[in-house]
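Encoded as structure tokens, the structure appears first; notes follow it.
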2 protein chains.
Amino acid sequence: MLSNDNISYLKNTFSFWSKIDKETQDKIIQNTTTVKYKKGETIYSPNKECLGVILIKKGELRTYILSNEGKEVTLYRLLNDDICILSSSCVLKNITFDVYIDAQKNTEILLVNSYIFSELINKNIYIENFALKTAVDKFSNVMWTIEQILFMKFDTRLAIFLLDEVSKLNSNTIKITHEQIGKYIGGAREVVSRMLKYFEQEEIIKLSRGSIEVINKNKLKSLL
Amino acid sequence: MLSNDNISYLKNTFSFWSKIDKETQDKIIQNTTTVKYKKGETIYSPNKECLGVILIKKGELRTYILSNEGKEVTLYRLLNDDICILSSSCVLKNITFDVYIDAQKNTEILLVNSYIFSELINKNIYIENFALKTAVDKFSNVMWTIEQILFMKFDTRLAIFLLDEVSKLNSNTIKITHEQIGKYIGGAREVVSRMLKYFEQEEIIKLSRGSIEVINKNKLKSLL
């Protein structure tokens, strides 16, 4: 049974809560579980069974697509209080593609059973509406990413990534491998390494084993 | 005033029609116009005013994004009886990106005024639901395209394009420029020309001024 805290969390996150009857509310509560994922775990992939609707209480998930040759492209990241509906793409018949989802940090979620959610979507237009809106939000995220990948110059993409990390971490030192950066911004490790080396020569960053220190933020911003 | 034919068309296309009252139906009818576009016209772009919801009676529209440097990527094409909601992205606040839309053929549409549609979306959940579903359908189309562009080998993409055209036109001869193909499948004209030349050497196609004849469909299929 869910704790009262988690029930409140459900109520606050599901904006349709006041539009559904007590019975439906109880059904959702009874079919929601708490799950913890370890950093690095793949929590969803196209060959896995439809997982359910994810409410991220704490942590970070990364949604990506993967080619047959193993090339990854990150579509977007999900942070605290985000909702993930693509982990339950079976519930929306208009979603005909499938994604991978990894935990980027130790992550705590609430997971609503996909069969129950699917049943409720078919019965209640407010719930269907909520699911569709969540999907359309992600459509906007994906379009943004795609424009970055297809149109932007690599130095700009890398600069944006580094500035984002610095502001998110509230620190000028970013602990990350060149390969991980490549996954995030869509590029081969060698290309990332080459560009980072260039940034170092330009005295924008300082490279050391496993981490990058941003030493001239203004110069980095000038690349945007 | 719309003709009876066009009113029937509205009723059949808007699956929410039976769920809305007579007054709302009349409001939609009064705020819908017929518009004709000439082949090649740009009918919508991010700097134009929100156009409205488009119902394609006959013809073909192409939806694409455009970089600052003029690079185009086709997201999807819209054919007879398709609905376009992105031409009215102002009506859905979850859509935060903008696209270009061109007429690929002489095209006849019904255009529902975006302010009226926006007002109705806010008032009626069935209409909102319909708009969201239409957007999510396009999300799926875009994801398919993106996977083609990011992951597939260029020869495969070109082969798929040629086979699609042959089956659509019901003819082995395709009248199209290499530049147009590049726009459709996301690649520079030179790359398209090089690959077509290679296909010709392989005796898959025969090139002549302004057209491509597919002479060995099986060999083309073997590239998929």
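Reminder, nothing fancy here: chain letters follow the sequence lines and each chain counts from 1.
Heavy atoms of Val142(A) lying under 4.5 Å from chain B belong exclusively to its side chain. Contact of Lys93(B) with chain A is not made at all, since no heavy-atom distance falls under 4.5 Å. With a 4.5 Å cut-off on non-hydrogen atoms, Leu92(A) does not touch chain B at all. The part of Ile146(A) that comes within reach of chain B is its side chain, from C-beta onward, which places non-hydrogen atoms under 4.5 angstrom from that chain.
Heavy atoms from other residues, nucleotides or ligands lying under 6.0 Å from NZ of Lys197(A) number 12 at most. Residue Lys19(B) qualifies as open at atom NZ: its count of foreign heavy atoms under 6.0 Å is 12 or below. Crowding of Phe154(A) atom CZ: a count of heavy atoms from other residues, nucleotides or ligands under 6.0 Å exceeding 12. Lys58(B) NZ: 12 or fewer foreign heavy atoms inside a 6.0 Å radius. Applying the 6.0 Å contact sphere to CD of Glu202(B) captures more than 12 heavy atoms from other residues, nucleotides or ligands. In Lys39(A), the NZ atom is not crowded: 12 or fewer heavy atoms of neighbouring residues, nucleotides or ligands sit closer than 6.0 Å.
Here the closest heavy-atom approach between residue Ile65(A) and residue Met143(B) is recorded as CG2-CE, 3.8 Å. The two residues Lys133(A) and Asn94(B) make their nearest non-hydrogen contact at O-ND2, 3.6 Å. Shown here for Ala135(B) and Phe139(A), the closest heavy-atom pair between the two residues is O-CE2, 3.4 Å.
Note that CD1 of Ile125(B) and CG of Asn124(A) are 8.0 Å apart. Values are rounded to the nearest 0.5 Å.
Side-chain atoms of Thr96(B) never come within 3.5 Å of backbone atoms of Ser140(A) as a donor-acceptor pair (strictly under, hydrogens ignored).
With respect to chain A, the highest number of heavy-atom pairs below 4.5 Å among Val136(B), Leu132(B), Asn129(B) belongs to Asn129(B).
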